Amino acid sequence: MPAENAAMQNATHPAKWTYANIDSMRAQLKSMGLSLDWAREVATCDPSYYGHQQKLFLDFLAAGLVARKKSKVNWDPVDHTVLANEQVIDGRGWRSGAVVEQRELTQWFLKISDYSEALLAALDTLDRWPDKVRLMQRNWIGRSEGMLVRFAIDAASRGALADEPEARELEIYTTRPDTLFGAKFMAIAPDHPLAAAAARHDPKLAAFIEECRKIGTSVAAIETAEKKGYDTGLRAVHPFDADWKVPVYVANFILMDYGTGAIFGCPAHDQRDLDFVNVYGLGATPVVCPPGVDPNTFVVDKIAYDGDGLMINSRFLDGMTIEAAKAEVARRLEGATLGNRPQGKRQVNFKLRDWGISRQRYWGCPIPVIHCEVDGVVPVPEQDLPVKLPDDVTFDAPGNPLDRHPTWKRVACPKCGRPARRETDTMDTFVDSSWYFVRFTDPWNRTAPTTEAMANRWLPVDQYIGGIEHAILHLLYSRFFTRAMKKTGHLDLEEPFAGLFTQGMVVHETYRNADGRWLAPNEVRIDGDADGRRAFALDGGKPIEIGPIEKMSKSKRNTVDPDEIISSYGADTARWFMLSNSPPDRDVIWTEAGVQGAFKQIQRLWRLVCEIERVVGPARPARPAAFSPPAAAVRRAAHAALAKIEDQIERLGFNVGIATIYELANSLDAAIGAIAADKVGDDLRYALAEAGDILVQSFAPMMPHLAEECWQVLGNQTMISMSPWPEADRSLIVSDQMTLPVQVNGRKRDELTIDRSASQAEIEAAALALDAVRRAMDNRPAKKVIVVPQRIVNVVV
RNA sequence: GCGGACGUGGCGGAACCGGUAGACGCAAAGGACUUAAAAUCCUUCGGCCACUUGGCCGUGCGGGUUCGACCCCCGCCGUCCGCACCA
């Protein structure tokens, strides 16, 4: 879409635009110094990639994982294209401004819903995924356990519909069969077949249905729409009482594509149903009584009760729990028959719908099928792949350029040879991103999408990183694709990403002048003093309002160009700042002051390394047999820091890791400051050289360029990027002494430094002897002394 | 409406399993060096009092559990995110 829009705006071919973007992105990533294997680079818009994708599609088609069916879409009548929901703003196309229509189009679908149960169940195995993402997927898949129940339609109520087959019975889906005795009405979706049948005999109903359709499109309208219904005059027969007739309404809040598009309404225990009956005055009979409430006085008027309780007003269900009542209703309805079939059936439903991949667009992967009047839908033969996009297309008219291309779609039917028509829909670009990580495992395979052995060896991805915005779409599609590729023999695993981490975005302040115009950061000067910060326009010096911190966007002009950052501070500073400023799962607030601070710290590290080299001298001393206390302290600091940094990197706590690097730098600074240059023994020189190496190696992953330079300064011959991660000597970290905080009544009063080997009793005695403790105890006797080993002492008086 | 997360100095954020709250950094203030500025270095930096050694308060608010609570429990308030008539 962006490529095609750019093509329309700038008269550039989408291919040119896309490849130019790829080039500049690649250059940027390279200048950041990221360790990527560029030999494996793929471009999803290239036939060498999408050709394999077409092969996957054909395999999926043969395996029954593809469906072609009618579906309602947002249709822009000016641009002649389908719009995604998020491209419809207030019921109008975001680009054309035309009122969007609901159209039924035949579209291609991938049958992700075949895997609803599997995709849901496997979420429990993804223990290295954030709970938040798993929960979002769980909700999106939306499993519910319920029943299908068929209601007979009372013959006497059919009237003009007597001969309509749709009007004999009504099947509904419910998760609350226990509340069947609270039924007050039936409701069906406006596009339910029964509604259509009834509308043929009732112009007023037809008008009502039309009205519902119009409101149906815009999200805002759905939010505020009142519950409305239309009594069809039909009466359904209660499954447990042939004399009990329930009115059938067409209602605007019933969705055709969930369940059966029909429900029975139990207002006492469902808020939507209650809102509905309060409009039409149908009443509400409670059938579940909350614990501790008198069933004789329990009434429901404005708030439906959906909690636990015991059945009331429900004949043979009275006194049962909800669960027992559900089971009893299921048992009875499964046993009863209506028209030779059981009247009820247990059913599991999912909210997850099949994935509509048809786009009436040019810049995407062509769907490799041919439509023949005789043979119908015919797959493109494999030897004819890839089906390439034509280059000579125009973007000056609305609609799909592929469809209006003079020759591209005209082909012979592969089966009968008669003139036929290529499919002109292209695939949703989410298809491209659903398997690129598999292609990475062998991008050189020309004959097949994957080399199975390679895919199985590399996958699953150990650690996947992406924004939270992919929580559902991309990550769910990829999980489906992996399963579909397994089924079609392209690989042998089900879950593509073993570990998932959702990183934050880079965000920036916004600036706005008195006229309400947005200003870019490089057009603004910030003055800071004790009273706060103020912004002024560089051009003219007028005061500027500092707005909220937001995601970088062109419209708010709060973007900072990566190239500019790299050219003014260098890639290392950019990397260092982003990692140090906040934990990686949160947004990084990009501030000039913050970057300058990071820059200053980096220069300090560089000076420290040079200082260490000066003290150590050109020849490194051999490892001495023993270390004096200052040398031992340096070694302890270095190894303790290294151990902590290691732990933090492992947990992706880069900001804390960097804080620890600073702590080590501070202590090395202090150690160097404390010694007289002519009095440095070999042991201290050895310790400082060792600590210097550790310092540089610990920041090497974050600042590779500077680390390489420092590594040489310290006299190392190899490349730091080729040297192994240093090993922390954890035995150095524990000292003979420990310092314990001492509390009196839970309030810290002093610290106690004592031999690590001291006994409980010795610690207790030493703690009670401390001046500050005695003062706080104020001559009161100690009631109890709690000594938590290695942790704390608490005296209770 | 439903579901979830979060709330710690002026700011970004630390604090592992209930055990020293505020690591580390930014900003700020004062000082040293300098003719001056930049850079660098030193000091202070949650609040209030005593200003000396110390005392009291303090992790959104109100309760509770505990020897001890940013952390656990109950009830509020606020912010952000996801879903949204899914029967």
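These figures come from a predicted structure and were not determined experimentally. The sequence lines fix the lettering, A, B, ..., with proteins before strands; numbering per chain opens at 1.
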Which whole number of Å gives the distance between the [atom1] atom of [N] and that of [M]?
N     : M     : atom1 : result
B/U20 : B/C26 : P     : 26 Å
B/G60 : B/U8  : C1'   : 10 Å
B/C42 : B/C33 : P     : 15 Å
B/G3  : B/A15 : P     : 30 Å
B/G54 : B/G62 : P     : 29 Å
B/C85 : B/A21 : P     : 50 Å
B/C71 : B/A5  : C1'   : 16 Å
B/A29 : B/G19 : P     : 38 Å

Measure [atom1]/[X] against [atom2]/[N] and give the value in whole Å, please.
X      : N     : atom1 : atom2 : value
A/N745 : B/G19 : CG    : C1'   : 15 Å
A/K644 : B/A14 : NZ    : P     : 12 Å
A/D275 : B/G1  : CG    : P     : 12 Å
A/I322 : B/A87 : CD1   : C1'   : 15 Å

Quick check for you: among B/A87, B/C83, B/C57, whose closest atom lies nearest to any side-chain atom of A/L255?
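Nearest nucleotide to the side chain: B/A87.
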Using the side-chain heavy atoms of A/P583, tell me which of these nucleotides is nearest: B/C85, B/A15, B/G13.
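Among B/C85, B/A15, B/G13, the one nearest the side chain of A/P583 is B/G13.
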For A/N666 and A/D257, take the nucleotide of RNA chain B holding the closest heavy atom to each; which residue's nucleotide lies nearer the 5' end?
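The residue mapped nearer the 5' terminus is A/N666.
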Run the ring-ring contact (aromatic ring centres under 6.0 Å, His included) test on A/W576 and A/F599 for me, step by step, so that the C-alpha distance in whole Å, both residues' side-chain angles and the decisive distance to 0.1 Å come before the verdict.
CA-CA 9 Å; A/W576 189 251; A/F599 192 57; over 10 Å; no
Given the ring of A/F276, does A/K227 sit roughly above its face, with NZ or CZ under 6.0 Å from the centre of the six-membered ring and within 45° of the axis?
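Not flagged: A/K227 not positioned over aromatic ring of A/F276.
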Going by the glycosidic torsion and a 90 degree boundary from 0, is the base of B/C17 oriented syn or anti?
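B/C17: syn.
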Could you check B/G9 for me: syn (within 90° of 0) or anti?
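Syn, angle within 90° of zero.
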Minimal non-hydrogen separation, A/E550 against A/T510, with atom names:
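That closest heavy-atom pairing would be OE2-CG2, 4.2 Å.
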Smallest separation among heavy atoms of A/G229 and A/Y249, with atom names
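Looking at all heavy atoms of both residues, the shortest contact is C-CD2, 4.0 Å.
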Is the backbone of A/V742 close enough, under 3.5 Å, to the side chain of A/D750 for a donor and an acceptor to pair up by distance?
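Side chain of A/D750 to backbone of A/V742, a donor-acceptor pair under 3.5 Å: no, none is there.
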Sub-3.5 Å donor-acceptor pair from the side chain of A/R575 to the main-chain atoms of A/M702, do we have one?
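Between the backbone of A/M702 and the side chain of A/R575 there is a qualifying donor-acceptor contact (under 3.5 Å).
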Per-nucleotide pairing state of RNA chain B [Watson-Crick or G-U, under 3.5 Å; [ ] pseudoknot-crossing; | other strand]
(((((((..(((......[....))).(((((.......))))).((((....))))..(((((..]....))))))))))))....
